[in-house]
Chemist: 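What follows is a single structure, and I will ask about it in a moment.
The structure presented is a predicted model; accordingly, all values stated were derived computationally and were not measured. We count ligands from 1, going down the list as the structure has it; atoms in each ligand are counted the same way.
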Amino acid sequence: MEKQSKSSLARHSKTPLFDILMAHAKRDVVSFHCPGHKNGRSIDKKLKDYTGEEVYKFDVTVFDEVDSLHDPVGPIKRAQELMADAYKVKNSFFLVNGTSVGNMAMFLAACDPGDSVIVSRSSHKSIMAGVILSGVWPIWLQPKIDQNLDIIFNSAYEQIKEALDRYPEAKAVFVTSPTYNGIVTDLSKIVDLCHRRGKIVLVDEAHGPHLIFNKNLPESAVEAGADLCVQSTHKILSALSQGSVLHYNSKLVDINRVKKVVSMLQTTSPNYLTLASLDLARKQAVLHGSQMFDKVIQACEWGRTYINNDISSMKCFTREEILKLGYDLDVTKLTVNVTKTGLSGYEIESILAKEYNIQLDYADIFNLVAIPGIGTEKSDVEAFVRALKEISKRYHGKQKNWILQIPSLATEMVMAPRSVYLSNSTKRIALKKAVGHVAAQTLTPYPPGIPVVIPGERITQEICDYLTDMSSKDIRISGQETEMLKTVKVFTN
Ligand SMILES: Cc1ncc(COP(=O)(O)O)c(C=O)c1O
């Protein structure tokens, strides 16, 4: 991607979908099509005064001129082909419900009900949706925790190899890379191993649509040879929210099934502004991504060095440290460990928002996670680290002895998550009486944000004791559905 040929530059200067929409908007067509606001005419004045009127002329519906996302033959087809060319894959599909829908589509496209899939327990919640919709039998991998860095590492090569040796019947391996913290796993090795054994590799690359555009960033999933991968173009590149892309580059998965599934899961009224922004984001990334990300990388490296040298109570791990652990780091992410401040990441995130007008993407007890993107300027990183420096002087908490750990809670999966999740034979029972029952809900304490039980798994005495202990300590348990975790939903036969 570094050196573009002249013909490639000329090809990628084109934005077929955006151009058609622009031409359509300029013609000021009388609209007797959906949506009801009619080129923005009836949009509330408060909103229109702020945004201006023109943008709403892009908000159209499916007709010949603008093409159909479900059966593209015109500008959407050409825009998707350019996207595929940019990532050097066979096919790219525009998604208007983010990587969430792409993750579901990958399961449904690659697997049949009852197939086994190796997948990390710490995957995004849309993976559970994919597992349930597709009816696969998940083989859950417990992620590793690093107690020096206070972060979770996703599936490494050795762990996947071990799982494949143990469960040779697995049809596919599902990997998340990069993680929220920018940790990239050795995908080339994983793909190589899987393909030698005829296994499909599916990658949630929500946080990695930019990797391919700069040589100083880790290898991307498409370069590693993944069969299918999904990227949140909107998270890091310049697409509008919900704009993601599913890339297909497989000999093992049927392309027609991918097309059917992607169409089945998406709205018939896609937002054309989001679609056009995918077209423009691709052009920008191909033509200018390398230089733009050079600047983002420099700004982030400057920020990391400043924090590590000048703020004694905070720390950012570096690429060298992560490489020593057998992973790579997308250096455009900034994870700041704040445990020595005596404050939690949540508390500092709130101070940053309320007192410094700086909004982060994510925080947990231990860390702040800043997600820079193609639009980030060095001045943004400067504002962030200066605020952190000031906070480190103004606020002192008593250092806590928090330790990031995964409880060793072995259990067995006795039913497929789909069978339990969609069953009417469930009821809530007292947590203390749940031992031996099959869970019908997911319960995930934060931290570490890894489910303790998943629908279809047996609730053991240890799990019961652990959850009782967590709820008494006021630890947030996602999925509990009730104010207090006194009861749990179980399968009743
Ligand atoms: C690892 C991961 N996968 C998938 C998603 C879902 O992506 P989207 O918001 O584009 O649906 C997220 C969202 O934060 C994520 O962090």
Chemist: Do Asn154 and Ser120 have a side chain donor and acceptor closer than 3.5 Å?
Modeler: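 Looking only at side-chain atoms, Ser120 and Asn154 do form a donor-acceptor pair, the distance falling under 3.5 Å.
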
Chemist: Under 4.0 Å from a heavy atom of Gly98: give me the atoms of ligand 1 that qualify, with their elements.
Modeler: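 In order of numbering, the contacting atoms are 10 (O), 11 (O).
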
Chemist: Quick one: which of Thr15, Leu237, Thr233 gives a side chain to side chain contact (heavy atoms under 4.5 Å, CB included) with Arg282?
Modeler: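 That would be Thr15.
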
Chemist: Hey, which atoms in ligand 1 end up nearer than 4.0 Å to a heavy atom of Tyr180?
Modeler: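 Answer for ligand 1: 14 (O), 16 (O).
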
Chemist: Checking Asp227 against Lys199 for the salt bridge (Lys or Arg N to Asp or Glu O under 4.0 Å) test, could you report, in this order, the C-alpha distance in whole Å, the side-chain angles of both residues, the deciding distance, and whether it holds?
Modeler: CA-CA 10 Å; Asp227 292 273; Lys199 312 294 177 195; over 6 Å; no

Chemist: Out of all atoms in ligand 1, which are within 4.0 Å of some heavy atom of Ser232? Include the element for each.
Modeler: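 Selected atoms, number and element: 7 (O), 8 (P), 10 (O).
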
Chemist: Measure from atom 15 (C) of ligand 1 to every heavy atom in Glu205, His124, Met104, Lys125 and give the option owning the shortest one.
Modeler: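 The option holding the nearest heavy atom is His124.
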
Chemist: Kindly confirm or rule out an N or O of Thr176 lying under 3.5 angstrom from an N or O of ligand 1.
Modeler: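 In fact, backbone or side chain, Thr176 has no N or O that close.
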
Chemist: For Lys295, look at atom NZ and say whether over 12 heavy atoms of other residues, nucleotides or ligands are found less than 6.0 Å away.
Modeler: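 Not more than 12 within 6.0 Å, no.
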
Chemist: Less than 6.0 Å separating the ring centroids of Phe293 and Phe213?
Modeler: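 Centroid separation for Phe293 and Phe213: 6.0 Å or greater.
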
Chemist: Please report which non-hydrogen protein atom sits nearest to atom 8 (P) of ligand 1, along with the residue it belongs to and the distance in Å to one decimal place.
Modeler: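 Here the closest protein heavy atom is Thr99 N, 3.4 Å.
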
Chemist: Does the gap between the ring centers of Phe384 and Tyr356 come in under 6.0 Å?
Modeler: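 No, the ring centres sit 6.0 Å or more apart.
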
Chemist: With a 4.0 Å heavy-atom cut-off (strictly under), which part of Asp204 contacts ligand 1: side chain, backbone, both or neither?
Modeler: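 Only the side chain of Asp204 comes within reach of ligand 1.
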
Chemist: Hey, does the side chain of Gln242 reach the backbone of Asn97 with a donor-acceptor pair shorter than 3.5 angstrom?
Modeler: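 No; judged by distance alone, with no hydrogens or angles, the pair does not exist.
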
Chemist: Checking side-chain contact (heavy atoms from CB on, under 4.5 Å) for the pair Lys144/Ile152: CA distance, chi angles, key distance, verdict?
Modeler: CA-CA 6 Å; Lys144 275 191 263 166; Ile152 292 170; over 6 Å; no

Chemist: Mark up the atoms of ligand 1 that fall under 4.0 Å of a heavy atom belonging to Ser244, in ascending order.
Modeler: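 Answer for ligand 1: 10 (O).
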
Chemist: Under 4.0 angstrom from ligand 1, any heavy atom of Gln242?
Modeler: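 Judged by the 4.0 Å heavy-atom criterion, Gln242 does not count as contacting ligand 1.
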
Chemist: Which is closest to atom 11 (O) of ligand 1 in terms of heavy atoms, Ser126, Ala239, Ser100, Ser123?
Modeler: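 That would be Ser100.
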
Chemist: Considering heavy atoms of the protein only, find what lies nearest to atom 13 (C) of ligand 1 and give residue, atom and distance to 0.1 Å.
Modeler: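 For atom 13 (C) of ligand 1, the nearest protein heavy atom comes out as Lys235 NZ, 3.0 Å.
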
Chemist: Measure the distance from atom 16 (O) of ligand 1 to every protein heavy atom, then report the residue, atom name and distance (to 0.1 Å) of the closest one.
Modeler: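 Answer for atom 16 (O) of ligand 1: His207 NE2, 2.8 Å.
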
